[in-house]
There are 2 protein chains.
Amino acid sequence: MSLKFGILGLLKYERMTGYDLQKTFNSSLQFMWNAKGSQIYRELKAMEQRGLVSSSVIEQENKFDRKVYSLTEQGSEEFLSWMQKFPQDLNAPIRDEFSIRVFFGEFISNEELRFEIIKYKKQQEESIEELNVIKVLAEQDAEKNDMEQSFFYWLLTIKRGIKSIQAEIEWAEEALDLLQHKRG
Amino acid sequence: MSLKFGILGLLKYERMTGYDLQKTFNSSLQFMWNAKGSQIYRELKAMEQRGLVSSSVIEQENKFDRKVYSLTEQGSEEFLSWMQKFPQDLNAPIRDEFSIRVFFGEFISNEELRFEIIKYKKQQEESIEELNVIKVLAEQDAEKNDMEQSFFYWLLTIKRGIKSIQAEIEWAEEALDLLQHKRG
DNA sequence: GAATTCATGTAACTTGTTACATGATTTA
DNA sequence: TAAATCATGTAACAAGTTACATGAATTC
């Protein structure tokens, strides 16, 4: 897919600036999708030309202008029809650098590999903590707003994230154990 | 990273044609890295220009020629130095379409979402079976050749693949349960 | 006063996909 | 003899990254 549908979906909740989208992708959605500003603004521009979104400049007191994007009817339709058509092959295209490096593990020393896996494991543990922060954020949002619906689905994806990271941690432990007792 | 290092690493084991690389990426390595022929041949061309690989045409009886690539000294060095430098951030750049779709789950019906998650779960189950086939393949290779070393690391990555897919299946079950008892 | 965040972009480049083209060899 | 696999590419496009540029507002 492309960033496009992520943007379309977020704008379905509320109008936002490019910067807001950027913040959303790189904080609360960071564990499933991220994007650089340069890509977001470029995409937004293309989407506006195609009539999927429209922008209006909002003047603010003591602050400078914000270019706020909202969904057009057409954009909303395109998003909804995309949601109706889940792709046949749902497997994320895997392009997993860490796996490739482990696969070529014989070209570095046992100690070096173990060091890298330990580092990896620590990072995964940090990721789980970050995800828990996001989880709290989601729960707070749910209390404040009338967003119980989105909250539920957001939580589903957070749970998925946590489960998959836990699997990584378990694997790392097993791998470290195997490497430690390996000889040759 | 780029395809480049995957190619470099495979050529470190043995000389291969573009087609061989394609087969390897899309069978035994398919769960961690894949690539289309068009990309592989393009990459190979660029790598040859940069002196990382060299090609020679091998004539065969009753078959047409094969353009076989092998690592140059320079290519080998570049690969080894890449192996020495694991990136700081080892998290794969997540761009997870399935999660995004679940996240926007409120825009389709409960039944539709459940249907998609069931489909997803089945696919993951098939993936595990495929991975088990690859596992058997790896074990056979290890017996035939003197490749115990690569076999060990290959198996490490296969185990990682299986663990992570199992986590997906568990999540799917939990999600289905939550969706079934959800109301609103 | 310095650093960070807010805010919006452009340009060049890299990586990956899709569609197309060609043609021999092997297998069902 | 039809389909699949072997084998090698080109061209155009889509998606993502890096580097750069600008400057106001806010926080330390």
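Below, chains carry the letters A, B, ... as their sequence lines are ordered, and counting in each starts from 1. Treat the numbers as computed from the prediction; the structure is a model and nothing was measured.
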Residues passing the side-chain contact (heavy atoms from CB on, under 4.5 Å) test with B:Ala167, sequence neighbours excluded, are A:Ala167
Rounded to whole angstroms, how far apart are [atom1] on [X] and [atom2] on [N]?
| X | N | atom1 | atom2 | result |
| --- | --- | --- | --- | --- |
| A:Asn34 | D:dA15 | CG | C1' | 13 Å |
| A:Lys36 | C:dT15 | NZ | P | 14 Å |
| B:Asp65 | D:dA7 | CG | C1' | 11 Å |
| A:Arg95 | D:dT17 | CZ | C1' | 16 Å |
| B:Lys67 | D:dA7 | NZ | P | 14 Å |
| A:Met16 | C:dA7 | CE | P | 13 Å |
| A:Glu48 | C:dT8 | CD | C1' | 13 Å |
| A:Leu44 | C:dT10 | CG | C1' | 15 Å |

Examine B:Phe104 together with A:Phe79 and report whether their ring centres are nearer than 6.0 Å.
-> yes
Kindly state each residue pair satisfying side-chain hydrogen bond (donor to acceptor under 3.5 Å, both in side chains) with at least one member in residues 66-76 of chain B, sequence neighbours excluded.
-> B:Lys12-B:Ser76, B:Asp20-B:Arg66
Axis-to-axis angle between the two ends of the helix from C:dG1-D:dC28 to C:dA28-D:dT1 (five base pairs per end, rounded to 10 degrees) = 50°
It should be established whether [X] places a side-chain nitrogen or oxygen under 4.0 Å from OP1 or OP2 of nucleotide [N].
| X | N | answer |
| --- | --- | --- |
| A:Lys4 | D:dA15 | no |
| B:Gln39 | C:dG16 | yes |
| A:Arg66 | D:dA24 | no |
| B:Lys45 | D:dT8 | no |
| A:Tyr19 | C:dT8 | no |

Could B:Lys119 and B:Glu116 be called an ion pair, given the rule that one side-chain N must be under 4.0 Å from one carboxylate O?
-> yes
ILVMFWY clustering at 4.5 Å (side-chain atoms), partners of [X]:
| X | value |
| --- | --- |
| B:Val68 | B:Ile58 |
| B:Val136 | none |
| A:Tyr41 | A:Tyr19 |

Is there a donor and acceptor pair closer than 3.5 Å between the side chain of B:Thr17 and the base of D:dT8?
-> no
Can you figure out which of D:dT8, D:dT17, C:dA7 approaches the side chain of B:Tyr41 most closely?
-> D:dT8
For B:Ser38 and for B:Lys23, locate the closest nucleotide of DNA chain D by heavy-atom distance; then report the residue assigned to the nucleotide nearer the 5' terminus.
-> B:Lys23
How many angstroms lie between atom OH of B:Tyr153 and atom CD1 of B:Ile158, to the nearest 0.5 angstrom?
-> 15.0 Å
Identify, with sequence neighbours excluded, every residue that meets ring pair (Phe, Tyr, Trp, His ring centres under 6.0 Å) alongside B:Phe86.
-> none
Check nucleotides 12-14 of chain C against the protein and report each pair of N or O atoms closer than 3.5 Å, with its distance, or say if there are none.
none

Residues pairing under salt bridge (charged side-chain N to carboxylate O under 4.0 Å, His left out) where one sits in residues 24-33 of chain B, two or more places apart or in two chains, turn out to be none
